[in-house]
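Model, not experiment: these values are computed from the prediction.
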Amino acid sequence: MNIKLSIEYDGTDYCGWQAQPNGRSIQEVVEQALGKILGAQIRINGSGRTDSGVHALGQVANFIYDGGDIDLWRLQRGLNGITPADIAIRRVEAAPDSFDARRDARVRVYQYRIWNDPWPSAILRRYSWHVHEPLDVSAIEQAIRHLEGERDFASFQAAGCDAAHSVRRIYRSRVYRQGGLLLYDVEANAFLRHMVRNIVGTLVEVGRGERAPASFAELLAAKDRTLAGATAPPEGLFLMEVRYEEGMKDEG
């Protein structure tokens, strides 16, 4: 049986999604909970990695279970009873045998949140980047126009990224205000390591007037990470949604 999970988490206290020897990961915690409930060693396949401190409202994962039929409602209830409060299993459902949460993903949607206010927020400090200087939203809007379409994003790729190539397609990106928050939404077929955070760090330079909006076209052409801005901190980044082919679109 192929089972699909939709997972929400606060990534503050984790080393990221992927299980690794030097820290506690989201994947590890969910696999341990599944093992306790199902009495078997379970390996889950996530739609994509999120780094240390990054959050998710719509992470998707799947796993194969050969131990017989499962009451999916009871499984969801059990997982939410075992996992810590900063991880929530939002949906558990049966998937086609061929479904692969990572390979079959067609669109990934991220949001980056900037608290753009002279004074810090005690509540939002875990879920946004505090930038106290006023940011020019119009200039940022001009800059992100250069990003849409199929581009080589080498200038926004972190060192050590293991992607086979740096070409990605951004379908949509926009920036807008919501009270004191400045929000950047971006949808793409896939993302390079730190790609969104590197873009945001450079956009903030544009918003501060330190870099011209047109420089984004030059950055893309240069394919040189050293020419872009600093990496924005992880706490402002959210994996919002992962979309699949019709019939497997995640609605959670």
query = Just checking, any donor-acceptor pair under 3.5 angstrom between side chains of Y9 and T83?
reply = no
ask   = Does A101 offer a backbone N or O that forms a donor-acceptor pair with the side chain of N62 under 3.5 Å?
value = yes
message = Determine whether a donor-acceptor pair (N or O, by modelled atom type, separation under 3.5 Å) exists between the side chain of R151 and the backbone of I170.
response = no
remark   = Exactly one candidate in R243, R169, R106 meets salt bridge (charged side-chain N to carboxylate O under 4.0 Å, His left out) with E187; the answer is R243
remark   = CG of L5 to CG of N45, rounded to nearest 0.5 Å, is 10.5 Å
ask   = Is Y65 reachable from I82 through a run of hydrophobic residues whose side-chain heavy atoms are each under 4.5 Å from the next?
value = yes
ask   = With a 4.5 Å limit on heavy-atom distance, are the side chains of F238 and Y127 in contact?
value = yes
inquiry  = On a heavy-atom basis, which atom in H130 and which in P120 lie closest, and how many Å separate them?
reply    = CE1-N, 3.5 Å
query = Any cation-pi pair here, R174 with Y176, using under 6.0 Å and within 45°?
reply = yes
message = I'd like to know whether R172 forms a salt bridge (charged side-chain N to carboxylate O under 4.0 Å, His left out) with E148, so could you lay out the CA-CA distance, the side-chain angles of the two residues, the decisive distance to 0.1 Å, and finally the verdict.
response = CA-CA 6 Å; R172 184 181 73 95; E148 293 189 3; over 6 Å; no
key: Taking every non-hydrogen atom, the tightest pair across A222 and S155   = C-OG, 4.1 Å
task = May I ask you to test the R225-S166 pair for a side-chain heavy-atom distance under 4.5 Å?
result = no
ask   = Got R211 and L219 here, is their nearest side-chain heavy-atom distance under 4.5 Å?
value = yes
ask   = When rounded to the nearest 0.5 angstrom, what distance separates CG in L203 from CD in E141?
value = 11.0 Å
note = Nearest heavy-atom contact between S128 and L181 is CB-CD2, 4.2 Å
ask   = Would a hydrophobic clustering, with Ile, Leu, Val, Met, Phe, Trp and Tyr connected at side-chain separations under 4.5 Å, put L124 with Y110?
value = no
query = With a 4.5 Å limit on heavy-atom distance, are the side chains of N198 and L192 in contact?
reply = no
task = Would you confirm whether Q142, through its side chain, and A214, through its main-chain N or O, come within 3.5 Å as a donor-acceptor pair?
result = no
query = Out of L237, L239, I26, which one pairs with T50 under the side-chain contact (heavy atoms from CB on, under 4.5 Å) rule?
reply = L239
request  = Report, as yes or no, whether the 6.0 Å neighbourhood of atom CG on D97 holds more than 12 heavy atoms from other residues, nucleotides or ligands.
outcome  = no
Residue pair I42 / L34: nearest heavy atoms and the distance that separates them = CG2-CD1, 3.7 Å
message = Would you say L182 ends up clustered with W115 if hydrophobic residues are merged whenever their side chains have heavy atoms under 4.5 Å apart, either directly or through other cluster members?
response = no
remark   = Looking only at heavy atoms, the pair that brings E28 and G23 closest together is OE1-O, 3.6 Å
ask   = Step by step, would you call Y184 with I114 a side chain to side chain contact (heavy atoms under 4.5 Å, CB included)?
value = CA-CA 8 Å; Y184 174 59; I114 296 172; over 6 Å; no
query = NE2 of H55 to CD of Q111: how many Å apart, nearest 0.5 Å?
reply = 11.5 Å
query = Under the side chain to side chain contact (heavy atoms under 4.5 Å, CB included) criterion, do Q41 and E31 qualify, and how do the steps go?
reply = CA-CA 8 Å; Q41 185 173 357; E31 287 178 348; over 6 Å; no
task = Take N189 and R168 through the side chain to side chain contact (heavy atoms under 4.5 Å, CB included) test and state the conclusion after the steps.
result = CA-CA 7 Å; N189 61 341; R168 297 291 186 270; 4.0 Å; yes
message = Contact between Q157 and R193 at the side-chain level, heavy atoms closer than 4.5 Å - yes or no?
response = no
query = For the atom pair CZ (R103) and OG (S47), what is the distance rounded to the nearest 0.5 Å?
reply = 13.5 Å
inquiry  = Checking the side chain of Q27 only, and the main-chain atoms of I44 only, is there a donor and an acceptor separated by less than 3.5 Å?
reply    = yes
ask   = Any side-chain heavy atom of D13 sitting closer than 4.5 Å to one from R126?
value = yes
inquiry  = If I take atom CD from residue E93 and atom CZ from residue F99, how far apart are they, to the nearest 0.5 angstrom?
reply    = 8.0 Å
ask   = Can any side-chain N or O of N80 pair as donor or acceptor with the backbone N or O of I89 at less than 3.5 Å?
value = yes
inquiry  = Using the rule that Ile, Leu, Val, Met, Phe, Trp and Tyr join whenever any side-chain heavy atoms are under 4.5 Å apart, tell me whether V167 and Y171 fall into a single cluster.
reply    = no
ask   = Who passes ring pair (Phe, Tyr, Trp, His ring centres under 6.0 Å) against Y112, sequence neighbours left out?
value = none
query = Just checking, any donor-acceptor pair under 3.5 angstrom between side chains of R177 and N116?
reply = yes
V137-V131 co-clustered via ILVMFWY side chain contacts under 4.5 Å = yes
request  = Calculate, to the nearest 0.5 Å, the distance between atoms CZ and CG belonging to F156 and L147 respectively.
outcome  = 6.0 Å
key: Contact summary for S98 and D104, nearest pair of heavy atoms   = O-OD2, 3.7 Å
inquiry  = I want to check something: taking the side chain as every heavy atom from C-beta on, are I37 and L79 in contact at a cut-off of under 4.5 Å?
reply    = yes
Sub-4.5 Å side-chain heavy-atom contact between V186 and I199 = no
Derivation of the side chain to side chain contact (heavy atoms under 4.5 Å, CB included) call for R208 and L135 = CA-CA 5 Å; R208 287 170 171 158; L135 297 176; 3.8 Å; yes
query = Counting only heavy atoms not in D69, do more than 12 fall under 6.0 Å of its CG?
reply = no
